[in-house]
Amino acid sequence: MITLLETRPQKARLTLAVKINSGLFLLLLLIHTALQVSAFTSPPTTAASAAIKTSTTSAVARELCLFSSSSNDNSNNRNSEDDVDNGDGDNKQMELADWRKFRASLIAQETKTNEGDSSSAPPSVAKENEKLLQEQNEALAKEYKREVWAHLIPDPEVGGLICRMPIEGELYWGTGFWKDKLDALLRMDTLGPPESLMAHWFPMAERMLARELKAITAAAAAKAQSGDEGMAILNPNDLEPDARILLEKYMDYKQTWQEVCLMIGSTQAVVINRPIGQTINKQLATLLLQNDNDKYPFGFIDKFVQAFSKEGVVYMGGPDLQAEPALVIHGIEGLEGSAELAPGTGIYMGGLEAAVEGVLDGTYKPLDFRFFLGRKVFDGSRQEIKHKIEQGAYRAVACNRSLALKQCLALPKPLWHEVLELCGGDMKSVSEIELAKRTDLKRRE
């Protein structure tokens, strides 16, 4: 049995209750403070947090992100404890859901104010995607059109997303030798636009990366010509430390290119935009259950295949724990055997047996469910995932469930671009730069 959420002492429950019950007071206090203070100066500790600051510039929005991140951790840990229900669990869930919506609306309003947009309707960044979602899941499509939102947050939260950034962003937002070298190149390019503008640093990072990788491969080729191997073999151990770091960054980027991950625990996530199958036969069903079918009634695997043989989308959730039974994720409240990832998210995991029965009797549709084989596991202290975000490799994103639950099947606009464009600011600019490189998508359009 895998425990996805960490537990904390009894005191954590009291802390959460105090924070939730005093939420309205804190909101009013934050808004009052923002009105009274003409300038809020809290310099970011890293270049990565500076990028987040550009997308959520108001003092209230920044405080909301930090406060809600702490509240989210406490609420997730509370879920994992064996508490006696005191009858107010549903109210707490509603409060946390409303909290997320309020935080999102506040940040969205700040973004619109900065961009001079006075419209009140949710942003539409992928009309063709909306049409496809309408065909797949009418209820989720209605929810998407009514209130889709996404915005950056400082730290990942359960039920939220983490998105892989281009390696150019990792070099610019990170720290270390290559960040320093890129900054030096930007300072020397006095004829270009300000070095802080993405139109300046992104292409500069591209050129630097191409030049350095070419030098690395040329060195390997030269070594092969002077030796007896007869072919160029690039051994990272032969490289200088800084060159090896760059090569490792590049290889990791190639393996995780534009992945969008749903956080299912404080240190675990599943990649939600890597579909590997659209139907489930008996062989795949056996793989998904990983010989765990003993826990189900006799003949369950045949019913599983019957339910999802025509439509059953399976995703490669990540490189870790692939020998474990697959995870099933959905948005159906009250499905027997399932549990909400975090209070107020409306995203649930588990309940495979009830899902199969529901599909067979017509209560649910096969595309209401997503199956994930494997997952991404970060170290238990959360330092690994925090380091990746601080170094600019990933960005943490809060979003409503319609964005996280939608199927990723032949989307006209890839989910990665859709999420980043909803976030706006620098993330929208990154998406536009990367989208311009996709000649395959241009042909499809």
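The first residue of the sequence shown is numbered 1, and numbering continues consecutively from there.
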### Query
Side-chain contact, heavy-atom cut-off 4.5 Å: Leu367 with Asn137?
no
*Within the distance-only criterion (no hydrogens, no angle test), does the side chain of Glu128 pair as donor or acceptor with the backbone N or O of Pro412 below 3.5 angstrom?*
no
Heavy atoms of Ala404 and Ile347 approach each other most closely as CB-CD1, 3.9 Å
So CD of Gln258 and OG of Ser431: to nearest 0.5 Å the spacing works out to 8.0 Å
Residues passing the salt bridge (Lys or Arg N to Asp or Glu O under 4.0 Å) test with Asp242, sequence neighbours excluded, are none
Self-check item: Glu138 atom CD, neighbour heavy-atom count above 12 within 6.0 Å
Solution: no
query: Under 4.5 Å between any side-chain heavy atoms of Val430 and Trp416, yes or no?
result: yes
Review point. So Glu357 and Tyr364, side chain to side chain donor-acceptor pair (under 3.5 Å) or not? Walk me through it.
Key: CA-CA 9 Å; Glu357 295 294 341; Tyr364 311 122; over 6 Å; no
Yes or no on salt bridge (charged side-chain N to carboxylate O under 4.0 Å, His left out) for Glu324 and Arg375, after CA distance, side-chain angles and deciding distance? CA-CA 10 Å; Glu324 297 286 336; Arg375 63 204 85 167; 5.4 Å; no
- prompt: Hey, is Glu353 close enough to Lys295 for a salt bridge, meaning N to O under 4.0 Å?
  reply: no
Practice problem: State whether the number of non-hydrogen atoms from other residues, nucleotides or ligands found under 6.0 Å of Tyr250 atom OH is greater than 12. | Solution: no
- Checking side chain to side chain contact (heavy atoms under 4.5 Å, CB included) for the pair Leu321/Val377: CA distance, chi angles, key distance, verdict? CA-CA 8 Å; Leu321 302 181; Val377 179; 3.8 Å; yes
In Lys376, Arg164, Lys388, the residue satisfying side chain to side chain donor-acceptor pair (under 3.5 Å) with Thr256 is Arg164
Exercise for review: State whether the number of non-hydrogen atoms from other residues, nucleotides or ligands found under 6.0 Å of Gln322 atom CD is greater than 12.
Suggested key: yes
task = Mind running side chain to side chain contact (heavy atoms under 4.5 Å, CB included) on Val270 and Cys261 for me, showing each step along the way?
result = CA-CA 5 Å; Val270 290; Cys261 309; over 6 Å; no
Margin query: For Lys406 and Gln136: C-alpha separation, side-chain torsions, deciding distance, then whether side chain to side chain contact (heavy atoms under 4.5 Å, CB included) applies.
Written below: CA-CA 9 Å; Lys406 62 187 294 186; Gln136 297 172 344; 5.7 Å; no
Q.
Taking the side chain as everything from C-beta on, heavy atoms only, tell me whether Leu289 gets closer than 4.5 Å to Leu352.
A. yes
Carboxylate-amine/guanidinium proximity below 4.0 Å for Lys249 and Glu170: yes
Shortest non-hydrogen pair, Ala396 vs Ile162, comes out as CA-CG2, 4.2 Å
Between the CD atom in Glu240 and the CG atom in Leu246, the distance rounded to the nearest 0.5 Å is 13.5 Å
Closest heavy-atom pair, Pro156 versus Ile389, reported as atoms and distance to 0.1 Å, is CD-CD1, 3.4 Å
Original post:
Could Glu421 and Lys413 be called an ion pair, given the rule that one side-chain N must be under 4.0 Å from one carboxylate O?
Top reply: yes
Would you say CD of Gln278 has more than 12 non-hydrogen atoms from neighbouring residues, nucleotides or ligands within 6.0 angstrom? no
So Lys181 and Glu212, salt bridge (charged side-chain N to carboxylate O under 4.0 Å, His left out) or not? Walk me through it.
CA-CA 11 Å; Lys181 184 168 185 176; Glu212 296 297 337; 2.6 Å; yes
Fill in: Derivation and outcome, side chain to side chain donor-acceptor pair (under 3.5 Å), residues Thr175 and Gln391
CA-CA 6 Å; Thr175 59; Gln391 291 300 310; 2.8 Å; yes
Is it the case that the side chain of Asp426 and the backbone of Met198 share a donor-acceptor pair, with hydrogens and angles ignored and the cut-off at 3.5 Å? no
In terms of heavy-atom contacts, Pro275 and Leu409 come closest through CB-CD2, 4.1 Å
When Tyr394, Trp201, Phe202 are each screened for ring-ring contact (aromatic ring centres under 6.0 Å, His included) with Trp173, the one that passes is Trp201
request  = Determine, stepwise, if the pair Glu418 / Asn129 fulfils side chain to side chain donor-acceptor pair (under 3.5 Å).
outcome  = CA-CA 9 Å; Glu418 187 175 355; Asn129 285 14; 2.8 Å; yes
Closest non-hydrogen contact found for Arg370 with Ile272 is NH2-O, 2.5 Å
- prompt: How are the rings of Phe308 and Phe371 set to each other: parallel, tilted or perpendicular (split at 30° and 60°)?
  reply: perpendicular
**Item:** Heavy-atom side-chain contact between Phe372 and Ile329 under 4.5 Å
**Value:** yes
Under the criterion side chain to side chain contact (heavy atoms under 4.5 Å, CB included), I'd like the reasoning laid out for Trp178 against Met208: C-alpha separation, chi angles, the key distance, then a yes or no.
CA-CA 9 Å; Trp178 295 108; Met208 183 185 79; 4.1 Å; yes
When every non-hydrogen atom of Leu132 is compared with those of Ala410, the smallest separation belongs to CD2-O, 4.0 Å
Output for pair (Leu335 CG, His330 NE2), nearest 0.5 Å, gives 4.5 Å
CG (Asp183) and NZ (Lys179) are apart, to the nearest 0.5 Å, by 3.5 Å
Worksheet item: Do Tyr172 and Leu186 come close enough that some side-chain heavy atom pair is under 4.5 Å?
Response: yes
CD1 of Ile332 to CZ of Phe369, rounded to nearest 0.5 Å, is 3.5 Å
Would you say the side-chain atoms of Arg382 pair up with the backbone N or O of Ser266, donor to acceptor, closer than 3.5 Å?
yes
Donor-acceptor pair, side chain of Asp379 and main chain of Glu384, under 3.5 angstrom: yes
key: Student check: side-chain heavy atoms of Val419 and Leu161 closer than 4.5 Å   = yes
Review point. Do the non-hydrogen side-chain atoms of Gln134 and Lys131 ever get within less than 4.5 Å of each other?
Key: no
Do Lys142 and Glu130 meet the salt-bridge criterion of a basic N to acidic O distance under 4.0 Å?
no
| query | So, the side chain of Arg244 versus the backbone of Leu239: is there a donor-acceptor pair under 3.5 Å, distance only? | reply | yes
Donor-acceptor pair, distance only, cut-off 3.5 Å: does the side chain of Glu340 make one with the backbone of Gly346?
yes
Are the side chains of Met204 and Leu182 in touch, meaning some heavy atoms are under 4.5 Å apart?
yes
dist Leu415:CG -> Gln407:CD (nearest 0.5 Å) comes out at 11.5 Å
